[in-house]
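Worksheet for the structure shown next.
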Amino acid sequence: MRPTDIMRGSPPAPEAQVTRANWRSFPAIRWGFTHTREVLPTAEVRRSAHPTPMASAPRELQKLSFAAPDGKPTTVEATLRETFGDALLVMHRGTLIHEWYGDGMSATTPHLICSISKSIAGTLGGVLAARGLLDPEARVVRYVPELESSVYGSCTVRNVLDMAVAIKFEEDYEDPAGDVARYRFSSGWDVPPPGVEPGHQRGYLATLRGTGKPHGKVFHYVSTNTEVLGWVYERASGMPYHRILSDYLWQPMGAEEDGSLTLDSHGMGRIAGGLSVTARDLLRFGEMIRNRGVVEGRQVVPGWWIDDIHENGDPTAWADGDLADIFPGARYRSKWYTIDPSRNDLAGIGIHGQWLYIDAATDTVIVKLATQPKAMDVPLDHRWLAAFRAITAHLDPR
């Protein structure tokens, strides 16, 4: 890995080297999240030959004031600065009205989107189902028999889509010897300590075991579920995941730039969090979701799949699940959050501050990318939710 200054856009500094051992740690993350292809092996997610045009009519939003969750007044500008913001794009009724980038970022800079990758994977399931390639109600082992002896041997694709697998796995990002650490070793994201074999992702997935409770009853957020989903997609379609994503979603929706997907030592993609794309292409994706899967008159994602996401998240499973205290009253379906069912909103959320927020009530799509030092920072998430609501209220005072 070549030495580089940790701040994007700055001249190289030999003493500051970003490597696979530190690329997600602050402050190296400030460079690592926009240069993932220089840190890890990746596969290309190809752009469209005919990018979807993006109408623009800039409006001032940086000075917009709102009350933070602690009651103190703040602004969008201050919140970007104080929460390690990298990009903020706002589209209202199909027009890009605000586009801001931090140091070293631009309209063509790819940025790791972490678990927003999951929402993209959940959306792709609808495309495969509409093509007759995927049955969401089928057992996982119909597609991947190698998982018969694992926890996934007794669950359905729908259980995997909805994070309702009764699995023994704790999604603790801070435990250096926990489940997430072992998962990251297998995916090639982290360097294991001496004496620990890194393995590979599919081998690791086959070792995971269940709690003995029934699937489908409780929301339990586990990233490995989405890796299994990607494996199912590959078997269902006969193509590697990055090709499925490119051919069935990224190109048809009119992406302007190539994306990339990180790979493990055996070439399996990190489906749950390994996508890097531009903020503009992520905004195009969000606008397609807002328009019920339609882009310039083309039905890219079946409208009934997006309707199902809006309508069928299980509130009881959520209330008994991992994140009920963070987002009370929310729902989860096919890798998408509905934070506020009264607004019928949708959100894709990634660690270190990634957000794709779609507010159906005001026809607004917001992309916010960041490199926050902490993987999970709930106060910052709630501050940004307050910002999103202030922006949507400003755009549509009704």
Tell me whether [X] contacts the main-chain N or O of [Y] through its side chain, where contact means a donor paired with an acceptor under 3.5 Å.
X	Y	answer
R182	A177	yes
D179	E170	yes
Y233	G125	yes
N22	T19	yes
W231	L205	no
D264	H266	yes
E227	I271	yes
Q354	I351	yes
N159	H215	no
E60	K63	yes

If you measure only the distance, is there a donor-acceptor pair under 3.5 Å linking the side chains of [X] and [Y]?
X	Y	result
W250	S48	no
Y241	S246	no
R270	Y183	yes
W336	T123	yes
Y101	D86	no
R37	T42	yes
Y152	T224	yes
T226	S223	no

Less than 4.0 angstrom from a charged side-chain N to a carboxylate O is my criterion; do [X] and [Y] meet it?
X	Y	value
R280	E257	no
K217	D320	no
D308	R333	yes
R343	D359	yes

Between T36 and T262, does a side chain to side chain contact (heavy atoms under 4.5 Å, CB included) hold up when you go through it step by step?
CA-CA 8 Å; T36 308; T262 68; 3.6 Å; yes
Assess whether side chain to side chain contact (heavy atoms under 4.5 Å, CB included) is satisfied between H98 and M91, documenting all intermediate values.
CA-CA 7 Å; H98 185 79; M91 181 170 276; over 6 Å; no
Heavy-atom check, side chain of [X] versus side chain of [Y], under 4.5 Å:
X	Y	value
L346	T338	yes
L40	W189	yes
R290	D363	yes
V277	H111	no
H352	T371	no
R383	E82	yes
Y248	V301	no
V365	H92	no

ring-ring contact (aromatic ring centres under 6.0 Å, His included) with H310: which residues, sequence neighbours excluded?
none
Taking only residues two or more places apart in sequence, or in another chain, which ones meet F26 in a ring-ring contact (aromatic ring centres under 6.0 Å, His included)?
F84
Evaluation steps, salt bridge (charged side-chain N to carboxylate O under 4.0 Å, His left out), between D103 and R30
CA-CA 9 Å; D103 291 341; R30 299 287 292 166; 5.5 Å; no
Find the distance between [atom1] ([X]) and [atom2] ([Y]) and round it off to the nearest 0.5 Å.
X	Y	atom1	atom2	value
Y204	E197	OH	CD	15.5 Å
R331	T316	CZ	OG1	11.5 Å
L282	E287	CG	CD	12.5 Å
F169	Y221	CZ	OH	10.5 Å
T392	I358	OG1	CD1	13.5 Å
Y357	F388	OH	CZ	8.5 Å

Assigning hydrophobic clusters by single linkage (Ile, Leu, Val, Met, Phe, Trp, Tyr; side-chain heavy-atom cutoff under 4.5 Å), is [X] placed with [Y]?
X	Y	result
V228	L263	no
I289	V300	yes
F219	L208	yes
M268	F185	no

Non-hydrogen atoms of [X] and [Y] that approach each other most closely:
X	Y	value
Q62	T75	O-CB, 3.9 Å
S334	W305	OG-CZ2, 3.6 Å
D190	R20	O-NH1, 3.3 Å
K374	D377	CD-OD2, 3.8 Å
I339	I349	CD1-CD1, 4.2 Å
R209	S150	NH1-CA, 3.3 Å

Heavy-atom neighbours of E137 CD exceed 12 at 6.0 Å
yes
Are more than 12 heavy atoms from other residues, nucleotides or ligands located less than 6.0 Å from atom CZ of R46?
no
Mind running side chain to side chain contact (heavy atoms under 4.5 Å, CB included) on V180 and D175 for me, showing each step along the way?
CA-CA 8 Å; V180 172; D175 184 351; over 6 Å; no
